Amino acid sequence: MGEVVRVSRRRDARRSGLSEAAVEGLARRVMVAICREWPRSKGSLDSSVVYARLVVERAELPDYAMHDALQRLAEVGAISGHRGRRSDDEVREHGGMSIGGVDTGFCDEA
């Protein structure tokens with residue numbers, strides 16, 4: 001793996017209770033999954049698809065972990081997306097985000 005850009009350290013952004021290092025590591029894994037799914041996405045990718053891929057890969061994903069990782073990726077410009085009308089259950093489980101853009105330069109680093 002190439003050099004990975006450090007993401008924000010805003011403590012108030014974490015809802016999962018994960019450590020900074022854990023969110024950082026998960027954000028990297030989420031980006032790898034996004035990069036694998038993006039070519040088939042036709043310009044829009046739901047975070048539930050990314051979540052499903054990570055579950056198959058046996059990732060440990062506590063409540064709000066995907067939310068925190070996606071938030072980090074959005075903060076650094078790796079992805080763009082919107083939440084729209086999502087239930088708290090969707091946000092808690094898979095981040096509740098529709099990803100509408102991916103900086104594929106981050107895919108090279110992932």
Side-chain angles (χ1 to χ4, degrees):
M1 287 176 78
E3 181 180 346
V4 176
V5 176
R6 287 276 267 187
V7 293
S8 163
R9 296 271 184 212
R10 283 184 26 207
R11 293 188 187 282
D12 61 334
R14 287 193 336 243
R15 293 179 72 181
S16 64
L18 293 173
S19 70
E20 292 293 324
V23 172
E24 189 83 26
L26 180 58
R28 288 183 189 123
R29 286 188 75 179
V30 168
M31 193 65 202
V32 168
I34 290 170
C35 291
R36 289 183 179 148
E37 294 293 335
W38 187 249
R40 293 186 294 268
S41 71
K42 298 182 181 164
S44 181
L45 179 62
D46 196 84
S47 60
S48 64
V49 174
V50 178
Y51 174 83
R53 177 180 273 277
L54 292 171
V55 167
V56 167
E57 294 173 1
R58 301 184 191 271
E60 288 190 34
L61 300 164
D63 288 351
Y64 297 103
M66 286 287 296
H67 168 272
D68 290 352
L70 291 166
Q71 187 73 24
R72 292 292 176 90
L73 293 170
E75 286 173 6
V76 300
I79 63 170
S80 61
H82 68 279
R83 299 224 186 281
R85 292 185 170 198
R86 299 293 185 120
S87 71
D88 189 55
D89 285 341
E90 290 173 304
V91 174
R92 177 185 47 77
E93 183 178 357
H94 61 75
M97 181 184 278
S98 291
I99 300 163
V102 173
D103 182 340
T104 55
F106 283 87
C107 292
D108 297 335
E109 297 174 9

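Quick caveat: nothing in here was measured; it's all calculated off a predicted structure. Start at 1 with the first residue, then count along the sequence.
- Residues Glu90 and Arg85 are not paired through a salt bridge, judged by the lack of any N-O separation under 4.0 Å between the basic side chain and the carboxylate.
- Smallest separation of non-hydrogen atoms from His94 and Leu70: O-CD1, 3.8 Å.
- Checking side-chain atoms of Ser80 against main-chain N and O of Gly100 turns up no donor-acceptor pair under 3.5 Å.
- Nearest heavy atoms, Arg72 versus Ala27: CB-CB, 4.4 Å.
- A continuous path of ILVMFWY side-chain contacts below 4.5 Å connects Val30 to Tyr51, so both sit in one hydrophobic cluster.
- Under the 4.5 Å side-chain heavy-atom criterion for ILVMFWY residues, a single connected hydrophobic cluster contains both Val76 and Trp38.
- Ser16 and Val23 make their closest contact through OG-CG2, 4.4 Å (heavy atoms, listed as atom of the first residue, atom of the second, distance).
- Rounding to the nearest 0.5 Å places CZ of Arg36 at 5.5 Å from CZ of Arg53.
- Between Gly95 and Ser47, the closest heavy-atom pair is C-OG, 3.8 Å.
- In this structure, CG on Asp68 lies 11.5 Å from CG on Leu61, to the nearest 0.5 angstrom.
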Practice prompt. List the steps and the verdict of side-chain contact (heavy atoms from CB on, under 4.5 Å) for Met31 and Val102.
Written response: CA-CA 9 Å; Met31 193 65 202; Val102 173; 3.7 Å; yes
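- The CG atom of Asp46 sits 8.0 Å away from atom CD1 of Ile99, with the distance rounded to the nearest 0.5 Å.
- Enclosure of atom CD in Glu57 by more than 12 non-hydrogen atoms of other residues, nucleotides or ligands within 6.0 angstrom is indicated.
- Rounded to the nearest 0.5 Å, atoms CZ (Phe106) and CG (Leu73) are 8.0 Å apart.
- Listed here is the closest heavy atom pair of Leu26 and Met66: CD2-N, 4.3 Å.
- In terms of heavy atoms, Ala33 sits closest to Leu54 at CB-CD2, 4.2 Å.
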Item to complete: Please assess Asp89 against Ser87 for the test side chain to side chain donor-acceptor pair (under 3.5 Å), listing each intermediate value before the final yes or no.
Response: CA-CA 5 Å; Asp89 285 341; Ser87 71; 5.0 Å; no
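- Atoms CE and CG, on Met97 and Leu45 in that order, are 11.0 Å from each other to the nearest 0.5 Å.
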